[in-house]
Amino acid sequence: QRFNAGDTTDCPVFDGLFEFTQLYTGASLDGAVQLCQGQTDIAVNWSGGLHHAKKAEASGFCYINDIVLAILELLKVHARVLYIDIDIHHGDGVEEA
């Protein structure tokens with residue numbers, strides 16, 4: 001309950017949750033690092049984009065906001081980052097960050 005995760009929330013706890021969050025978040029960070037180092041021109045993480053997660057709580061089936069972490073990585077090299085959310089609803093976790 002404390003982090004909005006559990007049976008009575010929209011962010012259930014399940015076996016492998018930690019590994020799942022490591023994989024999708026790591027993939028977004030890896031893409032950002034490769035872009036910053038000039039190793040690629042395009043990076044896509046089809047398993048990422050969990051735009052509802054907040055700094056200290058899960059929300060909307062999103063546990064860790066990989067988008068915000070990738071943007072922060074990109075800002076280490078680039079002065080500005082354009083984020084376009086093509087989902088049909090509001091990415092409140094990204095906006096809050």
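Remember, it's a predicted structure, so these values are computed and weren't measured experimentally. Heavy atoms only: backbone and side chains are in, while hydrogens, waters and symmetry mates are out.
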For the student: nearest non-hydrogen atoms of Cys11 and Ser59, plus distance
SG-N, 3.4 Å
Asp92: salt bridge (Lys or Arg N to Asp or Glu O under 4.0 Å) partners, not counting sequence neighbours
Lys54
May I ask you to list the residues sharing a hydrophobic cluster with Phe61, side-chain cutoff 4.5 Å, ordered by chain and number?
none
Hits for side chain to side chain contact (heavy atoms under 4.5 Å, CB included) against Glu95, two or more places apart or cross-chain, chain-then-number order -> His90
Output the rest of the hydrophobic cluster of Val44: all Ile, Leu, Val, Met, Phe, Trp and Tyr residues reachable through side-chain heavy-atom contacts under 4.5 Å, sorted by chain and number.
Ile42, Trp46
In chain order, what residues pass the side chain to side chain donor-acceptor pair (under 3.5 Å) check against Asn65, with sequence neighbours excluded?
none
Is there a donor in the side chain of Asp66 and an acceptor in the side chain of Thr25, or the other way round, less than 3.5 Å apart?
no
Non-hydrogen atoms of Ser28 and Asn45 that approach each other most closely:
OG-ND2, 2.8 Å
May I ask whether Ile64 and Leu50 are part of the same hydrophobic cluster, defined by side-chain heavy atoms of I, L, V, M, F, W, Y residues being less than 4.5 angstrom apart, directly or through others?
yes
Can you list, pair by pair, the side-chain donor-acceptor contacts under 3.5 Å of residues 80-89, counting residues two or more places apart and other chains?
{"unit_1": "Tyr83", "atom_1": "OH", "unit_2": "Asp85", "atom_2": "OD2", "d": "2.8"}
{"unit_1": "Asp85", "atom_1": "OD1", "unit_2": "Asp87", "atom_2": "N", "d": "2.9"}
{"unit_1": "Asp85", "atom_1": "OD2", "unit_2": "His51", "atom_2": "ND1", "d": "2.5"}
{"unit_1": "Asp87", "atom_1": "OD2", "unit_2": "His51", "atom_2": "NE2", "d": "3.3"}
{"unit_1": "His89", "atom_1": "NE2", "unit_2": "His51", "atom_2": "NE2", "d": "3.4"}
{"unit_1": "His89", "atom_1": "NE2", "unit_2": "His52", "atom_2": "NE2", "d": "2.8"}

Validation: residues 67-79 side-chain donor-acceptor distances under 3.5 Å, sequence neighbours left out:
{"unit_1": "Glu73", "atom_1": "OE1", "unit_2": "Lys76", "atom_2": "NZ", "d": "3.1"}

With sequence neighbours left out, write down each residue that passes side chain to side chain donor-acceptor pair (under 3.5 Å) with Gln34, or none if nothing qualifies.
Asp30
Can you give the donor-acceptor pairs under 3.5 Å from side chains of residues 12-23 to other protein atoms, not counting sequence neighbours?
{"unit_1": "Thr21", "atom_1": "OG1", "unit_2": "Leu17", "atom_2": "O", "d": "3.4"}
{"unit_1": "Thr21", "atom_1": "OG1", "unit_2": "Phe18", "atom_2": "O", "d": "2.8"}

